[in-house]
**Student:** 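Next up is a structure, given as structure tokens.
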Amino acid sequence: MSSHYRRGADFERAVCAYLAGKGALCIRSAGSHGIVDIIALWPAGRAWLVQAKSNGRMDPAERRALAAAAHRYSSVPIKASRPKRGVILCERYYPTSGIFGEIEL
């Protein structure tokens, strides 16, 4: 297992733990190399499709794919990143404007 893979997997687990601590049921798609790293289910039926990017960078194709999947499954497209050590930032993607915005947990 490469150190790059391990860092990504460790970050995905940290995001799951963070979201679980906020009340979500998290399902991690380990090793899938797909559009979505984590599915977070919230009380009252909310669902997030989460792409975990420790460096915060998502190329336009990744953003479009995440937005399309979220639209298809009536969920919220989220990017989780680590802007500084020990901090996890969750941002909602707004495809019509092409920007990310913080989301309240």
Side-chain angles (χ1 to χ4, degrees):
M1 179 183 322
S2 75
S3 62
H4 180 73
Y5 174 83
R6 175 165 278 148
R7 278 193 309 271
D10 288 347
F11 181 61
E12 290 170 7
R13 283 190 283 278
V15 170
C16 279
Y18 173 74
L19 294 175
K22 299 288 185 179
L25 170 65
C26 291
I27 302 159
R28 182 173 161 257
S29 178
S32 71
H33 302 287
I35 299 164
V36 176
D37 295 320
I38 299 162
I39 298 171
L41 303 175
W42 296 90
R46 290 187 302 152
W48 287 3
L49 298 185
V50 182
Q51 182 59 253
K53 295 289 190 179
S54 61
N55 63 12
R57 287 184 243 134
M58 281 182 79
D59 66 43
E62 288 176 308
R63 284 182 247 150
R64 284 190 300 273
L66 179 61
H71 178 75
R72 180 175 183 179
Y73 296 105
S74 300
S75 56
V76 180
I78 300 288
K79 174 181 70 171
S81 63
R82 187 184 320 231
K84 57 185 174 181
R85 189 177 184 98
V87 174
I88 293 175
L89 174 65
C90 291
E91 298 175 291
R92 181 179 183 156
Y93 180 60
Y94 295 93
T96 54
S97 59
I99 61 170
F100 288 94
E102 279 191 66
I103 191 162
E104 205 169 305
L105 297 178

**Student:** Within the 4.5 Å heavy-atom criterion, are Phe100 and Met58 side-chain neighbours or not?
**Tutor:** yes
**Student:** Does atom OH of Tyr94 have more than 12 heavy-atom neighbours from other groups under 6.0 Å away?
**Tutor:** yes
**Student:** Between Asp10 and Arg7, does at least one N-O distance fall below 4.0 Å, as a salt bridge requires?
**Tutor:** no
**Student:** Quick one: closest heavy-atom pair of Val87 and Pro83, and the distance?
**Tutor:** O-CD, 3.8 Å
**Student:** Shortest non-hydrogen contact from Ala20 to Cys26?
**Tutor:** N-SG, 4.1 Å
**Student:** How about Ser75 and Ile39: do any of their side-chain heavy atoms sit closer than 4.5 Å?
**Tutor:** no
**Student:** First locate atom CZ of Arg6, then atom CZ of Arg13, and finally report the distance between them rounded to the nearest 0.5 Å.
**Tutor:** 8.0 Å
**Student:** Would you name the heavy atoms of Lys53 and Glu62 that are closest together and state the gap between them?
**Tutor:** NZ-OE2, 2.8 Å
**Student:** Roughly how far apart are Phe11 CZ and Ile38 CD1, rounded to 0.5 Å?
**Tutor:** 7.5 Å
**Student:** Answer whether the closest heavy-atom distance between the side chains of Val50 and Asp37 falls below 4.5 Å.
**Tutor:** no
**Student:** Same hydrophobic cluster for Ile99 and Val76, using side-chain heavy-atom links shorter than 4.5 Å among ILVMFWY?
**Tutor:** no
**Student:** To the nearest 0.5 Å, tell me how far Ile103 CD1 sits from Ile78 CD1.
**Tutor:** 4.0 Å
**Student:** For the CZ atom of Arg82 and the CG atom of Asn55, what is their distance to the nearest 0.5 Å?
**Tutor:** 11.0 Å
**Student:** I need the minimum non-hydrogen distance between Cys16 and Arg28, along with the two atoms involved.
**Tutor:** SG-CB, 3.9 Å
**Student:** Compare every heavy atom of Leu66 with every heavy atom of Pro77, then report the nearest pair and how far apart it is.
**Tutor:** CB-CG, 3.8 Å
**Student:** Hey, does Trp48 have a side-chain heavy atom less than 4.5 Å from the side chain of Arg92?
**Tutor:** no
**Student:** Can you give me the closest heavy-atom contact between Ala14 and Ile88, atom names plus distance?
**Tutor:** O-CD1, 3.5 Å
**Student:** Quick one: are Arg63 and Tyr93 in side-chain contact, heavy atoms under 4.5 Å?
**Tutor:** yes
**Student:** Find out if a path of hydrophobic residues (ILVMFWY) with successive side-chain heavy-atom gaps under 4.5 Å connects Val15 to Leu89.
**Tutor:** no
**Student:** Measuring from Ser29:OG to Glu12:CD, what's the distance to the nearest 0.5 Å?
**Tutor:** 8.0 Å
